[in-house]
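Below is one structure, written out as structure tokens; the observations come after it.
The residues of the chain are indexed from 1 along the displayed sequence.
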Amino acid sequence: LFLIPVLSYLPKPELRRWTSSQAYWGLWLLRHKKPFFVAVCVTSIVCLVSTLGLNWNPRLFDDLPSGNSTRLTTEKIDQNFGGLLNYEFVMVDKKGDWLDPKNLGQLSRFTQAIKKLPNVGSAISAADFFKQPTDRGARLPASVRETSEISLMLSMSANNPVSHYLADDNSRTRIHVRFHDSPYRSIQHDQNKISELATRYFPKARHEVGGIGSIAHQLNNSISRDLVFGFWQSLLLIAVILAFVFRSFMWAFVATIPNFVAPLFLVGVLVITQTPIKPSIAIVFSIVIGLAFTNTIYLLGRLRGLIKNDVAQRLPVKRMLLSEGNPCLVATLLVLSGFSVFLFSYFRLNQLFGIYMMASIIAGAIGDLVLLPAMLALYPMLLKKQIPIKKIMAAIMLVVIPLKGKAGNMQTQAEEILRKSRVAMQSRDDSGQVQMKIIEADGTFKTRDLFLKRMNSDKHFALVRLLSPKELKGTAVLFKVE
């Protein structure tokens, strides 16, 4: 809508001669097609196996540059003010009493054990509000009376702090834990350790967890895994669309193979660098799939046109690569230069995004300009012995049509069963007494008692006889329904 009208008023653009010249480097590639094909395939397989080594252990607040004022403030709060990630640990014991001195003592020891965990910045429980200062340090109440006195004093305040940590019926108590901004696995280990300590100190209590510290890392990892491994579903959908575009499942299959190189190569780079995977990095997998298929469809479309115009039986892979290799190479360089802008970003996260996008684009070009021509030159029968989509659709219809007929027979049988059930449940005749209430517009009402009797045969008869009021008693009406 914009480019074409603008170009009509501008001088005719002329490309550089080398952009439309023959890609003679493709001849050298085809001369060594087997080593290139094997090298790309082996590298892709190694990257696929290395998927097990992906780093799913990120932090949450390390995206900003190290000298950024916001990051410095966040790190200072994390180190000096008890951590950043809230983790609420609730214990439920409906038969117990958390204000009992013994339970308060256990709760205090449990809280101290949590504080000793390496990634815990702070932990606060209801027991901390019942400690009384002494010459030898703080101590807990020794009796129920002392506990009740302290509880009464706290309840007289405008905002009772204990109410945030203890339920009104004393059946639930909360421990407020804050974790440092540590890697996911370290925090997960400490969370599991807290559950183990709770079972040891309070074996009869049931515990629940909440807070951002309990879901933030899991949510990030879940989104990242969906983005990394979900692109295989996109590949399948694209293959189905290409099958209809090329009218051949073999052409769609051949078009899909080179596009595995980019995501697999990206997996290998992530494993080598051990970059913690976050959604902002994992989204590269979704973007690179769309970019990788551009050159593939262009090359195969050109090859299809050459096959139609070529009287020879050979697959014109060399002519395709010579004529279209340089345009595809130029398009790849343009996309690379566009994403290179991210390398100069102030934020490290944007820099990583640009690096991995550029690595994926280069891998996609290798798949399209190296793997695809080498594969077609080594195995031309992949496109010669193709199964037209019409034959596959015909085979599908051969399966679907009998099933459809069977479904129709089953529907007829179901209708017959319903008809017989209705006949069996229908009585030959029935009768009953009904009271009818007639409400006038002014709110007054009248009642009529009716006796109904119905006879069912080929024709339906109904007799209605009035029983009240007295002036209408005995009046009857006979209905006949054809």
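- Atom CD1 of residue Ile175 and atom CD1 of residue Ile194 lie 9.0 Å apart, to the nearest 0.5 angstrom.
- For His164, the NE2 atom sits in a packed shell: over 12 heavy atoms of surrounding residues, nucleotides or ligands are nearer than 6.0 Å.
- Using a 4.5 Å heavy-atom threshold, the side chains of His217 and Leu60 count as touching.
- Taking 4.5 Å as the limit, some side-chain heavy atom of Leu372 sits within range of a side-chain heavy atom of Val254.
- More than 12 heavy atoms of other residues, nucleotides or ligands shown are found within 6.0 angstrom of CZ on Phe61.
- For the residue pair His180/Asp78, the side-chain donor-acceptor check at 3.5 Å is satisfied.
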Quick one, His207 with Val92, criterion side-chain contact (heavy atoms from CB on, under 4.5 Å). Give me CA distance, side-chain angles, the key distance, then yes/no.
CA-CA 6 Å; His207 58 267; Val92 183; over 6 Å; no

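- Taking all atoms of both residues into account, the shortest heavy-atom contact from Met320 to Leu299 is SD-O, 3.4 Å.
- At a threshold of 4.0 Å, the pair Glu196-Arg200 does not count as salt-bridged, since none of the basic side-chain nitrogens sits closer than that to a carboxylate oxygen.
- A donor atom on one side chain and an acceptor atom on the other are found under 3.5 Å apart for Glu88 and His176.
- In this structure, the side chains of Leu54 and Thr51 come closer than 4.5 Å at one or more pairs of heavy atoms.
- Distance check, rounded to the nearest 0.5 Å: CD1 of Ile238 to CD1 of Ile289 gives 6.5 Å.
- Among all heavy-atom pairs drawn from Gly367 and Val261, the shortest one is CA-CG2, 4.0 Å.
- Environment of CG in Leu329: crowded, with over 12 heavy atoms of neighbouring residues, nucleotides or ligands closer than 6.0 Å.
- Here Ile114 contributes atom CD1 and Lys193 contributes atom NZ; the two are 12.0 Å apart, rounded to the nearest 0.5 Å.
- With contacts defined as side-chain heavy-atom distances shorter than 4.5 Å, the pair Arg302/Ser323 qualifies.
- Minimum interatomic distance between Trp56 and Tyr184 (heavy atoms only, all atoms of both residues): O-CD2, 3.7 Å.
- A heavy-atom distance below 4.5 Å is not found between the side chains of Thr173 and Ser125.
- Between Asp93 and Arg172 no salt bridge is recorded (no basic side-chain N to carboxylate O distance below 4.0 Å).
- Using a 4.5 Å heavy-atom threshold, the side chains of Phe129 and Ile124 count as touching.
- Ring planes of Trp28 and Phe36: perpendicular class, angle over 60° (limits at 30 and 60°).
- For NZ of Lys115, the number of neighbouring non-hydrogen atoms (other residues, nucleotides, ligands) closer than 6.0 Å is greater than 12.
- You'll find the side chain of Gln191 reaches within 4.5 Å of the side chain of Ile187, heavy atoms only.
- Of all heavy-atom pairs between Ile277 and Ala282, the closest is CG2-CB, 4.1 Å.
- In this structure, Ser50 contributes its side chain and Cys47 its backbone to a donor-acceptor pair below 3.5 Å.
- Under the 3.5 Å distance criterion, the side-chain polar atoms of Ser224 are matched with a main-chain donor or acceptor of Asn220.
- A donor and an acceptor atom, one from each side chain of Thr332 and Asn295, are located under 3.5 Å apart.
- Side-chain contact of Arg348 with Gln351: a donor-acceptor pair under 3.5 Å is absent, judged by distance alone.
- No side-chain donor-acceptor contact under 3.5 Å links Ser163 to the backbone of Asn159.
- Residues Asp190 and Arg185 are not paired through a salt bridge, judged by the lack of any N-O separation under 4.0 Å between the basic side chain and the carboxylate.
- Between the side chain of Lys278 and the backbone N or O of Arg59, at least one donor-acceptor pair lies under 3.5 Å.
- Using cut-offs of 30° and 60° for the angle between ring planes, the Phe342 and Phe353 rings count as perpendicular.
- Around the NZ atom of Lys131, the shell of radius 6.0 Å holds more than 12 heavy atoms that belong to other residues, nucleotides or ligands.
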For the pair Leu117 and Val177, evaluate side-chain contact (heavy atoms from CB on, under 4.5 Å) and give the outcome as yes or no after the intermediate values.
CA-CA 11 Å; Leu117 297 176; Val177 183; over 6 Å; no

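- Atom CG of residue Leu321 and atom CG of residue Leu376 lie 10.5 Å apart, to the nearest 0.5 angstrom.
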Step by step, work out the side-chain contact (heavy atoms from CB on, under 4.5 Å) result for Asp62 and Arg71.
CA-CA 8 Å; Asp62 62 340; Arg71 179 168 177 175; 3.9 Å; yes

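- Of all heavy-atom pairs between Ala252 and Ala239, the closest is CB-O, 3.3 Å.
- Under a 3.5 Å cut-off, the side chain of Gln274 and the backbone N or O of Val271 do form a donor-acceptor pair.
- Taken from SG in Cys41 to CZ in Phe260, the straight-line distance is 12.0 Å, to the nearest 0.5 Å.
- Asn350 places no side-chain N or O within donor-acceptor distance of the main-chain N or O of Tyr346, the cut-off being under 3.5 Å.
- Separating the CG atom in Leu343 from the CD1 atom in Ile355 is a distance of 6.0 Å, to the nearest 0.5 Å.
- Between the side chain of Glu324 and the main chain of Arg319, no donor-acceptor pair closer than 3.5 Å is present.
- In this structure, Phe110 and Phe202 have perpendicular ring planes: the angle between them is above 60°, well past the 30° mark.
- Residues Asn259 and Ala255 approach most closely at ND2-O, 2.6 Å, considering heavy atoms.
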Let's go through Phe130 and Val162 carefully: what are the C-alpha distance in whole Å and the side-chain angles of both, what is the deciding distance for side-chain contact (heavy atoms from CB on, under 4.5 Å) to 0.1 Å, and is it a yes or a no?
CA-CA 9 Å; Phe130 287 87; Val162 180; 4.1 Å; yes

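- Ser222 places no side-chain N or O within 3.5 Å of a backbone atom of Gln218 that could act as its donor or acceptor partner.
- No donor-acceptor contact under 3.5 angstrom links the side chains of Thr111 and Tyr201, judged on distance only.
- Using a distance-only test at 3.5 Å, with no hydrogens or angles considered, no donor-acceptor pair links the side chain of Ser108 to the main chain of Leu104.
- The backbone N or O of Asp97 sits less than 3.5 Å from a side-chain atom of Asn103, completing a donor-acceptor pair.
- A 4.5 Å side-chain heavy-atom check between Arg174 and Phe89 finds every atom pair outside the cut-off.
- Heavy atoms from other residues, nucleotides or ligands lying under 6.0 Å from CG of Leu322 number more than 12.
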